[in-house]
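Here is the structure we will look at.
Only heavy atoms go into these numbers, but all of them, side chains included; no hydrogens, no water, no symmetry mates. Numbering starts at 1 and runs along the sequence shown.
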Amino acid sequence: VLSGKGGRELAVVHGGTGLYLVRVNFIIGPREDPRTALSSQVYRWESGQFVVVAEFPTAGGTDVAVYAEGDDILVAISNSLTPDIQFSTDSIIYRFNE
């Protein structure tokens, strides 16, 4: 069970020291007052459950992709909506550090 609202996409990361799950959050709130500036999470599998180990900002997050570049693991996050509901916001690529 993952707590919180707004989850849209998930991706598994097989790190050198464990199993991780990245959850990207999209929107919460009613149609009349949506909130797009949310925190998304990185979970680590510990003792039979996922535990939040990091959070990062998203703005109407729509997707997550995990890929390798040499020995590095990269996590790409696509965002769609700014806090003022404009369809113009950056996507971000993170270097996954355990």
Side-chain angles (χ1 to χ4, degrees):
V1 174
L2 303 176
S3 63
K5 298 178 181 180
R8 169 115 178 202
E9 290 291 327
L10 301 169
V12 173
V13 178
H14 295 277
T17 61
L19 179 68
Y20 296 86
L21 180 69
V22 178
R23 178 174 75 174
V24 173
N25 293 321
F26 180 53
I27 294 174
I28 60 173
R31 180 177 295 217
E32 301 78 27
D33 187 27
R35 289 185 28 228
T36 64
L38 304 175
S39 289
S40 291
Q41 295 77 31
V42 177
Y43 298 86
R44 181 184 167 123
W45 186 253
E46 296 179 4
S47 302
Q49 65 182 355
F50 281 112
V51 177
V52 175
V53 294
E55 292 192 288
F56 58 95
T58 49
T62 58
D63 204 358
V64 55
V66 177
Y67 59 99
E69 182 179 89
D71 291 336
D72 294 331
I73 298 172
L74 302 177
V75 178
I77 306 294
S78 64
N79 292 293
S80 65
L81 298 166
T82 61
D84 56 349
I85 316 299
Q86 299 295 315
F87 287 95
S88 176
T89 189
D90 294 332
S91 294
I92 300 172
I93 299 176
Y94 294 97
R95 188 169 315 280
F96 190 81
N97 296 318
E98 298 178 73

By ring pair (Phe, Tyr, Trp, His ring centres under 6.0 Å) - contacts of Phe96 (at least two apart):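 Partners of Phe96 under the ring pair (Phe, Tyr, Trp, His ring centres under 6.0 Å) test: Tyr20.
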If you compare all heavy atoms of [X] against all heavy atoms of [Y], which two are closest, and at what distance to 0.1 Å?
X     : Y     : value
Asn25 : Ser39 : ND2-O, 2.7 Å
Phe26 : Gly61 : CD1-O, 3.3 Å
Asn79 : Ala59 : OD1-N, 2.8 Å

Contacts satisfying salt bridge (charged side-chain N to carboxylate O under 4.0 Å, His left out) that involve residues 10-33 (not counting sequence neighbours) are none
Enumerate the salt bridge (charged side-chain N to carboxylate O under 4.0 Å, His left out) contacts for residues 60-69, please, sequence neighbours excluded, ordered by first and then second residue. none
Atom pair CG (Asp90) and CD1 (Ile77), whose distance is rounded to the nearest 0.5 Å: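 So the gap between those two atoms works out to 13.5 Å.
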Would you please name every residue forming a side chain to side chain donor-acceptor pair (under 3.5 Å) with Asp72, sequence neighbours left out? Arg95
Considering residues at least two apart in sequence or located in another chain, which fulfil the side chain to side chain donor-acceptor pair (under 3.5 Å) criterion with Glu9? none
Excluding sequence neighbours, so at least two apart, what forms side-chain contact (heavy atoms from CB on, under 4.5 Å) with Ala54?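 In terms of side-chain contact (heavy atoms from CB on, under 4.5 Å), with neighbours along the sequence ignored, Ala54 is linked to Val42.
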Applying side-chain contact (heavy atoms from CB on, under 4.5 Å), name anything that partners Ser91, two or more places apart in sequence or on another chain. Ser78
Under the criterion side-chain contact (heavy atoms from CB on, under 4.5 Å), I'd like the reasoning laid out for Val64 against Arg8: C-alpha separation, chi angles, the key distance, then a yes or no. CA-CA 9 Å; Val64 55; Arg8 169 115 178 202; over 6 Å; no
Evaluate the criterion side chain to side chain donor-acceptor pair (under 3.5 Å) for residue pair Ser40 and Thr58; output intermediate values, then yes/no. CA-CA 6 Å; Ser40 291; Thr58 49; 2.9 Å; yes
Which residues pass the salt bridge (Lys or Arg N to Asp or Glu O under 4.0 Å) test with Glu46, not counting sequence neighbours? Arg44
Apart from Ile93 itself, which Ile, Leu, Val, Met, Phe, Trp or Tyr residues share its cluster (side-chain heavy atoms under 4.5 Å, direct or through members)?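 Direct or chained contacts put Ile93 with Tyr67, Leu74.
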Residues that, via side-chain heavy atoms closer than 4.5 angstrom, fall in one hydrophobic cluster with Phe50: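 ILVMFWY cluster around Phe50 also holds Leu2, Leu10, Val12, Leu19, Leu21, Tyr43, Trp45, Val52.
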Give the cluster check for Leu81 versus Ile92: same hydrophobic cluster or not, with ILVMFWY residues linked at side-chain heavy-atom distances below 4.5 Å. no
